[in-house]
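When a residue number appears, it is its place in the shown sequence, counting from 1. Note: hydrogens, waters and symmetry copies are ignored here, and every other heavy atom, side chains too, is used.
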Amino acid sequence: MRSNVMIGIGLLVFGNLFSALYDVSIKWMPEGSNAATFLLLRQVLSVMMLLPLWFAARRPTTSCLKLHLFRANTGAMGAVCLIMGLMALPMATVSSLFFSAPLIIVLMGCVFLKEKVTPSQWLATILGFIGILILLRPSEINWFGVAVLIAAFTFAINQLTLRKLPETEDPTVTLILYNGLSIPLVMVMVAVQGLEGLSWQLVAIAGLSNCFLLAYQWFCVLAYRRAEASKVAIAEYSGLLFCVFFGWLLFEEWLDALSWVGAAFIVLPSLIIPWLSHKIVMQKKSSNIMHDDLLS
């Protein structure tokens, strides 16, 4: 069981590198583009890219069409919110807010999947939400920041619903339905926002970002099937480090002092508290063994 958790964490860390590269690609969108147009291009291209893999896998099917429909449409709503956030805010700020998703995963895993949540995880969750308030700064609230939080919430839902899919289902089915079933809703979004900024440059960026996103989604499918969501979700935080690095390297973006405090409240408790708890448990076990040896 422990090996499954470690493998799941490793898969998520590697996947989050591609997630950060996806964020970078959105920052390269040409001026005049809007989130809905970009998302429509991305979804259509993703289906086209996945179809050869689906045929190569001998056209596998699913028995969970309703669940896939739910995941696809909630994912599309979250995706357009995240794109709008990335277009307006620095990558590091977006990533700090978006990585409230693992906290939401822990809470929803407890409520809906009946996964056990330890006291240390509850403490990390509470401190994380304090960090969200610091980053959002309610007195000067930024609605793009709220959009990113909505994206984080839908992301958490979609990661948890992966646990409801059978392990035998081919990942190509999961990915092709996740992207394809959302196209009608995205077309409605385009009708509302307008088809703006359509160009070959935007098509190329959508194709590149799609490669990064599909790689991330693939690793997520593999990771969240390996182990309980609450045990591997901690690895999602590696994406924050990648995004801060790429934001600094490519766009000269950096967090201010207060934002660093908020990010620390979100990330550090989830990294340090479980490690300390494990240390305490191991020390107690060691003490009990020594005590038993003395009695014998």
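Of all heavy-atom pairs between Cys243 and Met91, the closest is O-CE, 3.7 Å. Across Ser95 and Asp23, no two heavy atoms sit closer than the pair OG-OD2, 4.1 Å. Minimum interatomic distance between Leu175 and Leu214 (heavy atoms only, all atoms of both residues): CD1-O, 4.2 Å. Taking each heavy atom of Gly78 and Ala151 in turn, the nearest pair found is O-CB, 3.2 Å. Closest heavy-atom contact between Val94 and Gly85: CG2-O, 3.6 Å. Minimum heavy-atom separation, Trp28 to Leu208: CZ3-CD2, 4.3 Å.
Grouping the Ile, Leu, Val, Met, Phe, Trp and Tyr side chains by contacts below 4.5 angstrom, directly or via other members, places Met49 apart from Tyr178. Hydrophobic clustering, with ILVMFWY side chains joined whenever heavy atoms are under 4.5 angstrom apart, keeps Val80 apart from Val192.
Every residue meeting the side-chain hydrogen bond (donor to acceptor under 3.5 Å, both in side chains) condition with Ser46, not counting sequence neighbours, appears here in chain and number order: Asn179. With sequence neighbours excluded, the residues that form a ring pair (Phe, Tyr, Trp, His ring centres under 6.0 Å) with Phe219 are Phe14. By the side-chain hydrogen bond (donor to acceptor under 3.5 Å, both in side chains) test, Glu169 is found to be paired with Thr62, His68, Thr174, residues two or more places apart in sequence or in another chain being considered. For Ala223, the side chain to side chain contact (heavy atoms under 4.5 Å, CB included) partners at least two apart in sequence or on another chain are Leu11, Leu12. Here Thr74 pairs with Asn158 under the side-chain hydrogen bond (donor to acceptor under 3.5 Å, both in side chains) rule; sequence neighbours left out. For Val244, the side chain to side chain contact (heavy atoms under 4.5 Å, CB included) partners two or more places apart in sequence, or in a different chain, are Ala92, Leu240, Trp254, Trp260. Taking the side chain to side chain contact (heavy atoms under 4.5 Å, CB included) definition, one finds that Ala57 meets it with Pro60, Asp170, Thr172, sequence neighbours left out. Checked against side-chain hydrogen bond (donor to acceptor under 3.5 Å, both in side chains), Thr154 has no partners two or more places apart in sequence or in another chain. With sequence neighbours excluded, the residues forming a side chain to side chain contact (heavy atoms under 4.5 Å, CB included) with Tyr216 are Asn16, Phe18, Ser19, Phe155, Gln159, Leu213, Cys220, Glu236, listed by chain and number.
The main-chain N or O of Leu89 is never found under 3.5 Å from a side-chain atom of Thr93 such that the two would form a donor-acceptor pair.
Taking the side chain as every heavy atom from C-beta outward, Glu252 and Trp248 never approach each other to under 4.5 Å. You'll find the side chain of Gln193 reaches within 4.5 Å of the side chain of Met84, heavy atoms only.
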Could you tabulate the donor-acceptor pairs under 3.5 Å formed by side-chain atoms of residues 184-191, not counting sequence neighbours?
none

What side-chain donor-acceptor pairs closer than 3.5 Å can you find for residues 194-206, not counting sequence neighbours?
unit_1: Ser199; atom_1: OG; unit_2: Leu202; atom_2: N; d: 3.2

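The CG atom of Leu177 sits 10.0 Å away from atom OG1 of Thr61, with the distance rounded to the nearest 0.5 Å.
Among pairs with a residue in residues 27-50, those fulfilling salt bridge (charged side-chain N to carboxylate O under 4.0 Å, His left out) read Lys27-Glu253, at least two apart in sequence or across chains.
For the side-chain contact (heavy atoms from CB on, under 4.5 Å) test with Leu181, the passing option among Ile176, Leu65, Val47 is Leu65; the others fail.
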